[in-house]
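A short worksheet on the structure shown next.
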Amino acid sequence: DADRVAKAIPPALDMTLAKALEESPPLKEMQQKDERVKELLAVAQRLEGMTRHASVHAAGVVIAPRPLTEFVPLYKSQKDEIVTQWAMKEVERVGLLKMDFLGLSTLTLIDDCLKEIKRTEGIVVDIDAIPLNDEKTYKLFSDGCTYGVFQFESSGMRELLRKAKPERLDDLIALNALYRPGPLKSGMVDDFISRKQGKTEVKYELKQLEPILSDTYGVIAYQEQVMRIAAVLAGFTMGQSDVLRKAMGKKDPKVMAKQREAFMAGALANGINEKKAKKIFDLMEFFAGYGFNKSHSTTYAWVAYQTAYLKANYPRHFMAALLTIEAQNTEKLAFYLAEARDIGVPVLPPDINRSELHFSVQPEGVRYGLAAVKNAGEGAILSLLAARKELGGHVTSMFSLAEHLDLRLVNKRVLESLVKGGAFDSLLEGKVEEPAKMRARLFAAIDRMLEHGNRHQKDRDRGQSSMFGGDMFEEAGAAAHNILTELPDAAPWSNAQQLTFEKEALGLYMSGHPIEQYKPDLAAFGARGLAELTGSVENCAIGGIVTGLRSVRTRRGDPMAVFMLEDEAGTVETVVFPEAFAKHQSIIKADAMLVVRGRFEKDDDTCRLVATELTTVELVREKMTREVQIRLTMPPHDRHTLEQLAEMLSKHRGDRKVCLEIIEKRADGRSYRVKAAAPQRVRPSERLVAEVEGLVGAGTVVIR
């Protein structure tokens with residue numbers, strides 16, 4: 001019951017219970033009709049806003065000149081950390097020093113990238129001594145190609161970079177400081193860009209301001225600039241300047257009146273014109289509200305420059321490090337894999353013989369790391385890599401591999417994920433043509449592989465040997481190994497099955513894309529691929545898969561949706577406003593295959609699709625299909641297969657005809673081809689194709 005009440009509260013950050021009762025009719029109705037809900041809300045409103053638990057600051061460390069027990073009450077957290085009972089504001093109020101020590105994954109990314117460069121290229125890059133005038137790096141920033149670059153990868157920041165065209169580290173420091181709601185809304189950012197590009201003349205009220213403000217083209221962007229102006233013009237000490245900085249940030253009228261008086265007195269004493277001094281103080285006061293700490297912005301911009309330098313000059317090594325960092329974040333991993341493709345870095349599938357623990361650089365591109373495969377923990381993969389080393393660095397058989405694995409770590413679930421992700425494909429290179437057939441047989445062999453590995457290891461541990469002194473298994477096993485390595489026959493996976501398994505194991509489609517099988521139907525329907533769209537189109541249809549679905553509300557509280565529509569060429573942000581959302585809400589789901597019609601907007605800064613109509617790809621296929629063709633060969637198929645097929649088709653009744661193509665192989669070596677219309681008519685669907693191909697074989701169904 002409480003959950004039902006909670007779900008009736010609108011999901012806004014500034015939401016209160018009083019506001020919720022005004023904005024949510026269902027909640028108001030529950031309060032009026034149910035006495036228990038009325039009582040619940042009354043109690044909840046009295047509790048609202050109170051501290052509900054003690055939490056620990058993510059990085060805050062308190063520093064004191066003597067034992068902390070002399071200054072502040074302490075307690076132990078659930079993790080046995082010694083923490084203050086006061087929150088950070090109270091700690092600061094009594095004069096204690098609080099420092100934040102942050103850990104950045106970007107530093108790990110840089111370190112991993114440098115190690116990979118050294119391993120593959122033999123080059124030692126001193127990241128703290130890279131040139132600050134690298135053209136490739138500034139072009140990367142100016143083009144907004146900053147996915148994966150620390151602090152500079154949001155869409156708004158990339159748009160700002162394309163406008164500002166940074167040419168030096170000082171520009172990056174300023175943009176990092178200015179990219180905040182205050183400066184953006186106040187027009188400071190536009191003013192900065194206009195001055196930088198020479199469209200607006202840079203003027204200084206006094207010549208003394210030029211050395212202080214020249215880095216930011218006359219715009220006061222940093223708190224340090226406010227402090228220096230006060231020191232240079234009014235003779236403030238650094239301590240007094242810091243008091244002024246804090247007062248301006250807090251906008252305390254009483255303190256500000258005193259600071260203005262002190263500044264004016266100091267400026268007049270230094271020979272500054274009163275009118276000019278007043279104007280400069282007003283400017284300082286205005287900009288100080290938006291001023292950022294330059295030392296903070298500088299360190300962040302420097303780390304951003306380092307990551308961008310690596311991306312611009314060593315793109316494969318950078319992407320390998322980035323993908324390793326994001327390996328467990330499926331959504332980000334898929335996003336960065338698309339980015340790798342966009343910048344021309346091939347990402348190769350996982351391979352039992354070529355992959356390392358993490359993503360690695362190889363001559364052909366970046367190889368998928370085995371630890372990034374779902375359900376494959378680091379311990380299991382390290383055991384697998386150790387086994388590969390024992391086998392001379394190359395695995396030729398699942399069964400010989402099983403003899404060397406720690407089967408407590410590398411269990412059935414791990415092996416299933418590796419097979420689904422294609423990691424064992426190379427074992428059968430040149431032996432079986434279709435990956436779908438390879439993987440089905442490899443998957444079917446896993447139980448036998450584990451049995452063999454366990455038996456071999458038990459025999460080895462018991463030290464069984466033959467009467468001639470050799471290892472009994474080695475002698476008997478050598479003869480039996482050919483039988484053991486013969487993979488069992490298994491029905492090939494359909495293309496759709498293979499791609500589904502890849503998505504399950506890797507979090508993305510590697511060998512193809514599910515939308516590809518619908519291309520003829522989509523083309524006949526008039527849908528276009530993202531690769532075809534080079535500019536804005538007022539009314540177009542695009543087919544793809546829904547990813548990154550977010551339910552949001554307008555300012556009026558109306559529900560709408562935002563998601564990424566993905567086809568084999570890329571993704572586009574798709575916005576479904578309330579009117580269209582109300583009509584099509586039932587089909588807008590994660591991983592749904594949809595055809596979206598609407599306005600496609602594309603220019604230098606944006607790429608998005610504003611949806612007006614949505615329909616399922618299945619429905620499009622059904623509309624565009626004339627007939628379903630099924631091909632089967634006899635033998636291995638026989639009358640029993642035809643009976644099963646007839647029963648299967650009867651479960652998918654519809655109005656499209658079915659054409660059978662039967663290839664009969666005679667004992668004399670001749671083949672006869674017979675075409676016939678099946679008595680059943682069907683409704684074409686992905687499920688129908690999967691079921692029929694599961695019975696007759698992969699690639700035997702063609703929808704026309």
Side-chain angles (χ1 to χ4, degrees), residues 348-355 368 370 373-376 380-381 384 387-388 391 394-405 407 410-456 477 479-506 509-512 514 517 631-638 640-641 644 665 689-701:
L348 310 167
D351 189 313
I352 195 72
N353 280 314
R354 300 177 181 93
S355 289
Y368 210 97
L370 293 177
V373 177
K374 299 289 178 285
N375 303 319
I381 300 305
L384 197 150
R388 184 173 79 185
L391 290 165
H394 190 79
V395 179
T396 56
S397 155
M398 292 177 79
F399 298 94
S400 61
L401 177 65
E403 295 167 8
H404 298 272
L405 291 173
L407 296 176
V410 186
N411 55 29
K412 184 177 179 179
R413 194 178 181 203
V414 172
L415 293 167
E416 284 178 346
S417 290
L418 290 169
V419 171
K420 287 177 179 179
F424 282 100
D425 286 2
S426 63
L427 297 189
L428 296 176
E429 280 176 354
K431 297 176 185 175
V432 182
E433 290 182 7
E434 299 172 7
K437 191 169 184 180
M438 287 185 198
R439 294 182 194 175
R441 294 186 67 198
L442 289 162
F443 195 82
I446 290 173
D447 284 334
R448 193 188 295 181
M449 170 191 177
L450 291 170
E451 285 172 18
H452 169 73
N454 278 311
R455 188 167 58 250
H456 172 80
H481 223 281
N482 287 336
I483 299 168
L484 287 168
T485 53
E486 284 293 325
L487 297 175
D489 283 328
W493 294 342
S494 67
N495 187 55
Q497 276 180 301
Q498 178 174 315
L499 291 172
T500 300
F501 285 146
E502 279 183 6
K503 183 76 183 284
E504 183 185 312
L506 307 178
Y509 305 108
M510 184 62 76
S511 63
Q517 64 179 305
R631 185 181 71 255
L632 62 148
T633 305
M634 304 176 74
H637 299 295
D638 53 19
H640 180 60
T641 304
Q644 286 181 287
K665 293 180 178 178
V689 174
E691 287 182 10
V692 173
E693 289 193 345
L695 174 68
V696 184
T700 55
V701 181

_Could you tell me if the side chain of Phe501 sits less than 4.5 Å from the side chain of Phe443, heavy atoms only?_
no
*Evaluate the side-chain proximity of Trp493 to Thr500: yes if any heavy-atom separation is below 4.5 Å, no if none is.*
no
*Over all heavy atoms of both residues, which pair between Leu370 and Pro350 is shortest? Give the atoms and the distance, please.*
CD2-CB, 4.1 Å
*Which atom names give the shortest non-hydrogen contact between Arg388 and Val395, and what distance separates them?*
CG-CG2, 3.9 Å
*asked:* Please give me the minimum heavy-atom distance between Gly421 and Ala505, naming the atom from each residue.
replied: N-CB, 3.7 Å
*List for me each residue that meets side chain to side chain donor-acceptor pair (under 3.5 Å) alongside Asp447, sequence neighbours excluded, and say none if there are none.*
Lys412
*Taking it one step at a time, do His637 and Thr700 satisfy side chain to side chain contact (heavy atoms under 4.5 Å, CB included)?*
CA-CA 13 Å; His637 299 295; Thr700 55; over 6 Å; no
*To the nearest 0.5 Å, what is the distance between CZ (Arg413) and CD (Glu416)?*
9.5 Å
_Restricting to non-hydrogen atoms, name the atom on Ala445 and the atom on Pro488 that form the minimum distance, rounded to 0.1 Å._
CB-CD, 3.7 Å
_Would you say that Asn353 contacts Leu427 through its side chain, given a criterion of any heavy-atom pair below 4.5 Å between the two side chains?_
yes
*Could you pull out all residues at least two apart from Lys374 that satisfy side-chain contact (heavy atoms from CB on, under 4.5 Å)?*
Thr330
_Taking ring pair (Phe, Tyr, Trp, His ring centres under 6.0 Å) as the definition, give me every residue that meets it alongside Tyr368, ordered by chain and number, with sequence neighbours left out._
Phe359
Solution key, residues 692-699 side-chain donor-acceptor pairs under 3.5 Å, sequence neighbours excluded:
| residue | atom | partner | partner atom | Å |
| --- | --- | --- | --- | --- |
| Glu693 | OE2 | Gly699 | N | 3.2 |

*Does a side-chain heavy-atom distance below 4.5 Å link Val414 with Asn375?*
no
*asked:* If you define the side chain from C-beta out and look only at heavy atoms, does anything of Met398 sit under 4.5 Å from Ile446?
replied: yes
*Close side-chain approach of Leu391 to Glu403, heavy-atom, < 4.5 Å*: no
*Do Leu506 and Val373 come close enough that some side-chain heavy atom pair is under 4.5 Å?*
yes
*Test item: Met438 and Phe424 side chains (from C-beta on) under 4.5 Å apart, heavy atoms*: no
*Closest approach of Asp425 and Leu442, non-hydrogen atoms and distance?*
N-CD1, 4.5 Å
*Who pairs with Glu502 by side chain to side chain donor-acceptor pair (under 3.5 Å), at least two apart in sequence or on another chain?*
Arg439, Ser511
*asked:* Can you give me the closest heavy-atom contact between Pro492 and Gln497, atom names plus distance?
replied: O-OE1, 4.2 Å
*Leu401 and Val410: side chain to side chain contact (heavy atoms under 4.5 Å, CB included), yes or no, with the steps?*
CA-CA 11 Å; Leu401 177 65; Val410 186; over 6 Å; no
*How would you list, by chain and number, every residue that makes a side-chain contact (heavy atoms from CB on, under 4.5 Å) with Asn454, sequence neighbours excluded?*
Leu407
